K.L.:
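Structure provided below as structure tokens; questions to follow.
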2 protein chains.
Amino acid sequence: MRDPLALLPGYALRRAANATAAQLAARLGTIGLKQSGVSVLLLVEANPAVTASALGRQLDIQRANMVPLLKRLEDAGLIARKPIDGKSQGLMLTPPGREMIARARAIIDLFEAELLARVPAQHRDHLLPALDALWR
Amino acid sequence: MRDPLALLPGYALRRAANATAAQLAARLGTIGLKQSGVSVLLLVEANPAVTASALGRQLDIQRANMVPLLKRLEDAGLIARKPIDGKSQGLMLTPPGREMIARARAIIDLFEAELLARVPAQHRDHLLPALDALWR
DNA sequence: TAGCGATTGTTGTTGATCATAGCAATCTCA
DNA sequence: TGAGATTGCTATGATCAACAACAATCGCTA
């Protein structure tokens, strides 16, 4: 079947993102996490006592949509909230959260390595800079 | 804010795809189309009398989800169905469909050109081959 | 220091997207 | 001719993100 979409970088970007996201989601599912949850955990680890609002801004997730996301992580005992002042609350990793993040990192590191391995060597080093230019 | 996600190609892929998809969606919205609809129109144009099932396979869209997609294009008068045999029906572009696809192509061509222009020259030619390797 | 605008966390709702299961009609091929 | 595969479709549920609204609180400034 003739496919005029094959030549469009924008289309390839869509398909590549979908395909890889599905694979990563499947692997993270084995430890009960999703990409959004892992993103939050990684950012909380790197920035102790961040607020939900700041996380949302960094991840481009609406404040309102952070609520169920954080609630699930909190219910799972992975993060804890600590009041900063009367209206803000800082997020911290719990000890189980630290264990979980170690497992998640192992999955992600393997995944990213395999992802890069699929790219022919002569294109490999250009991927990240090119993608960054598209959204930063 | 420290961002450990910045080094991950998989994350950059996600963000780049989201950002560019949102921009393209906004532009296609001005002529009343979505990416999925344009994909269908382009494939129907390149493959007259394709079936809905074949389109779904090519685009990785479930048969069931093709129904509302095609219905909207048909209600808008952009495509028409012609029975092939008792159970299959071939899809064709109508004259208004051909006009619409010309406008869509103008938008897409401009969009793809701008997208590539954002990528630094030394990385530009590596983008499509690298992305193709990730999902084909 | 009193007040006003901005910020935070939250609720509730909506729309879009996608997966799944099932079904009747039809085709294909042995 | 009969069995299995295919096609188009209905119906349903899950998930996700956008949006509007709200009370409480913060921070700056007049």
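To find a chain, count down the sequence lines: A is the first, B the second, and so on, and within it residues start at 1. In this text, all values refer to a predicted model and were calculated from it rather than measured experimentally.
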K.L.:
Applying salt bridge (Lys or Arg N to Asp or Glu O under 4.0 Å), can you list everything that pairs with A:R136, at least two apart in sequence or on another chain?
P.N.:
A:D132
K.L.:
So which atom in B:E112 and which in A:G10 form the shortest heavy-atom distance, rounded to 0.1 Å?
P.N.:
OE1-N, 2.9 Å
K.L.:
Got a sec, which pairs hit side-chain hydrogen bond (donor to acceptor under 3.5 Å, both in side chains) with one end in residues 39-54 of chain A, sequence neighbours left out?
P.N.:
A:E45-A:R105
K.L.:
Heavy atoms only: give me the nearest A:L116-A:R124 pair and the separation to one decimal.
P.N.:
O-NE, 2.9 Å
K.L.:
Considering only heavy atoms, which members of residues 82-94 of chain B lie under 4.0 Å from some atom of DNA chain D?
P.N.:
B:K87, B:S88, B:Q89
K.L.:
With sequence neighbours left out, write down each residue that passes side chain to side chain contact (heavy atoms under 4.5 Å, CB included) with B:D60, or none if nothing qualifies.
P.N.:
A:R15
K.L.:
Where along residues 38-59 of chain A does a heavy atom come under 4.0 Å from DNA chain C, residue by residue in number order?
P.N.:
A:T51, A:A52, A:S53, A:R57
K.L.:
Go through the structure and list residues passing side chain to side chain contact (heavy atoms under 4.5 Å, CB included) with B:A16, not counting sequence neighbours.
P.N.:
A:L13, A:L131, A:L134, A:W135
K.L.:
Can you tell me if A:D125 has over 12 outside heavy atoms packed within less than 6.0 Å of its CG?
P.N.:
no
K.L.:
With ring pair (Phe, Tyr, Trp, His ring centres under 6.0 Å) as the rule and sequence neighbours excluded, what pairs involving residues 95-124 of chain A come up?
P.N.:
A:H123-B:H126
K.L.:
What are the two closest heavy atoms between A:S88 and A:D85, and how far apart are they?
P.N.:
N-OD1, 2.8 Å
K.L.:
Of all nucleotides in DNA chain C with an atom under 4.0 Å from a non-hydrogen atom of chain B, which is the first and which the last going 5' to 3'?
P.N.:
C:dT17 to C:dC27
K.L.:
Should B:I101 and B:L59 be counted in the same cluster of Ile, Leu, Val, Met, Phe, Trp and Tyr side chains packed under 4.5 Å apart?
P.N.:
yes
K.L.:
B:I79 CD1 to D:dG8 C1': how many Å, rounded?
P.N.:
13 Å
K.L.:
Could you list, one pair per line, each protein nitrogen or oxygen that sits under 3.5 Å from a nitrogen or oxygen of nucleotides 14-17 of chain D, together with the distance?
P.N.:
{"residue": "D:dC16", "atom": "OP1", "partner": "A:K34", "partner atom": "NZ", "Å": "3.0"}
{"residue": "D:dC16", "atom": "OP2", "partner": "A:K34", "partner atom": "NZ", "Å": "3.1"}

K.L.:
Which atom names give the shortest non-hydrogen contact between B:M100 and B:L33, and what distance separates them?
P.N.:
CG-CD1, 3.6 Å
K.L.:
Between P on D:dC19 and CG on A:D60, what's the gap in Å once rounded to a whole number?
P.N.:
13 Å
K.L.:
What residues in residues 15-33 of chain B put a non-hydrogen atom under 4.0 Å from any atom of DNA chain D?
P.N.:
none
K.L.:
Return the set of residues passing side chain to side chain contact (heavy atoms under 4.5 Å, CB included) with A:L69 (not counting sequence neighbours), or none when no residue passes.
P.N.:
A:S36, A:V40, A:I61, A:M66, A:L73
K.L.:
Select from B:A64 and A:A64 the residue whose nearest nucleotide in DNA chain D is closer to the 5' end of that strand.
P.N.:
B:A64
K.L.:
Hey, could you give me each pair passing side-chain hydrogen bond (donor to acceptor under 3.5 Å, both in side chains) that has a residue in residues 69-80 of chain A? Not counting sequence neighbours.
P.N.:
A:K71-A:D75, A:E74-A:R81
